[in-house]
Each structure stands twice: as C-alpha cells, then as structure tokens.
Amino acid sequence: GPAAEAAPAKDEPSACRRRIADQIAVIEPLPMFGGPGDCGATDVVKLEAIIQRDKSRIAVSPPATLRCTMAEALATWVREDLTAATASLGSAPRALDNYASYDCRGRNRLAGARISEHGLANAIDIRGVNLQNGKFAEFTDRRLDRGFRETIRKSVCARFMTVLGPGSDGHHETHIHLDLAERRNA
C-alpha cells in the first residue's frame, strides 16, 4: 500500500555490526537517538551477550545500551582477557554485571558538569563478573586475588581510553568505568 512506499529504507548494518553480530556478540540494533542537550549517539546496539570461542554465551546483565564500537571493545575484552583472568580464580565468566551504560547525564551526576561518556552511549560501569561456580568476582573487592585484580586493571587500560576505579575520584569505589572517549590531544 501507499504507507509502505513512504517508509524509509531499513538502515544497512554498520561495518561494526556486521563484524560482531552473531560472531562475538548477541546484539539488537537500536534506532539512532538524541537526548536532551548533547546526549545521543548513532550506531547504538543493545548488547545482550558475549559469544565465547566455544560458542557459549556470557550474559550482559542487564543488557547494555552502547555504541557498536564500545560493545565490540567490551566483547573482545571479555573473550580475550577476562575469560583468561577468571581461570586464575578457578572458574569461567557466566554473566557480566552492567551497573550502568547509556544514561543522559553530566559526569558523576554533577549538575552543569561536562556530558558524561555515558550520555554518548560510549561507556559502561561494571561491578564485576558472575562466575560459573556461582561466585561473584567484584573487581574492586580487595579480598579478591591481587593477581586477578592487577590483570583486570592492566587489560582494561590497554583496551579502553578511560578507566576509572577505586582511588580515581571517589565516585568509582564500587565499580570500574570503561569508555572509548575520543581524546583531543591538549
């Protein structure tokens, strides 16, 4: 009918979505969105799970709303670094704890602060990982094996532009913040 002809063409999946969908991640494409002020992003996906090399899945709980490139970086980190690190704890990841992903807000929720990378769907806060053995490995838990925590710290610093955690600013004592902010060289 006439209504169908007026509908815009379905958008082609981005190169990023083609790289990761059903290969390294279970994603649901989301429409481009804008928020109040500078919030919003293009090529956004809902990251529901990360697909391991053996095709098993690690749930992202709850699913994270992220730019595709951020979802790809997160999935790659889980597959290549986190899984190896959790082996040192005698288990494997079952689910990644998503504390916060897209959220239109200023940095650290301060009024008038610069827009957070969370408002650009370019960041995720993670408390830890649920393991197959039923335990929860909290990345900021000082009782957790130091080697494990150091491995996590080094691996996220290698893959993400910004990493905030305990001791960074008082806002990240219970979780780590990862983002792919585009830095302008000062």
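Note that the CD1 atom of I126 and the CG atom of L82 stand 8.0 Å from one another [nearest 0.5 Å]. Note: L47 CG to E72 CD = 11.0 Å, rounded to the nearest 0.5 Å. For the atom pair R146 CZ and T151 OG1, the distance stands at 11.0 Å (nearest 0.5 Å). The CG atom of D103 lies 12.5 Å from the CD1 atom of I124; values are rounded to the nearest 0.5 Å. Within the model, atoms CZ of R94 and OG of S61 stand 8.5 Å from one another, a figure rounded to the nearest 0.5 Å. The distance from the OH atom of Y102 to the CG atom of L120 is 8.5 Å, given to the nearest 0.5 Å.
If you chain together hydrophobic residues whose side chains sit under 4.5 Å apart, I51 and I20 never meet in one group. In terms of hydrophobic clustering, with Ile, Leu, Val, Met, Phe, Trp and Tyr side chains grouped at heavy-atom distances under 4.5 Å, W77 and F148 are assigned to a common cluster. Linking ILVMFWY residues whenever their side-chain heavy atoms come closer than 4.5 Å, directly or via other members, places L131 and I50 in the same cluster. In the hydrophobic cluster analysis, where Ile, Leu, Val, Met, Phe, Trp and Tyr join through side-chain heavy atoms closer than 4.5 angstrom, V78 is grouped together with L89. Using a 4.5 Å cut-off between side-chain heavy atoms of Ile, Leu, Val, Met, Phe, Trp and Tyr, with links allowed through other members, V129 and I176 fall into the same hydrophobic cluster.
A donor-acceptor contact closer than 3.5 angstrom links the side chains of D125 and H118. Between the side chains of T83 and Q52, at least one donor-acceptor pair of N or O atoms lies under 3.5 Å.
Side-chain contact between D43 and C16 is present, with at least one heavy-atom pair separated by less than 4.5 Å. Contact annotation: the side chain of F160 approaches that of M70 to within less than 4.5 Å [non-hydrogen atoms, C-beta and beyond]. Two residues are said to be in side-chain contact when any heavy atoms from C-beta on lie closer than 4.5 Å; S101 and T65 meet this criterion. Contact of the P29 side chain with the R17 side chain is registered, since non-hydrogen atoms from C-beta on lie closer than 4.5 Å. At a threshold of 4.5 Å between non-hydrogen side-chain atoms, the residues R149 and E138 do not count as touching.
Contact between R18 and P13 at its shortest, heavy atoms only, is NH1-O, 2.8 Å. Of all non-hydrogen atoms in R19 and Q23, the two that sit nearest each other are O-CG, 3.2 Å. Between A123 and H177, the shortest heavy-atom distance links the atoms CB-CE1, 3.6 Å. Annotation for A71 and V45: closest pair CB-CG2, 3.8 Å, computed over non-hydrogen atoms. Across all non-hydrogen atoms, the minimal contact from A181 to M161 is O-CG, 3.1 Å. The minimum heavy-atom distance linking L144 with A137 is given by the pair CD2-CB, 3.9 Å.
Each of D179, L178, L180 was evaluated against E117; a single residue qualifies, D179, per the side chain to side chain contact (heavy atoms under 4.5 Å, CB included) test.
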Given L74 and L96, is the side chain to side chain contact (heavy atoms under 4.5 Å, CB included) satisfied, shown in steps? CA-CA 10 Å; L74 187 68; L96 196 62; 4.0 Å; yes
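Remark: R57 CZ is loosely packed, at most 12 non-hydrogen atoms of other residues, nucleotides or ligands lying under 6.0 Å away.
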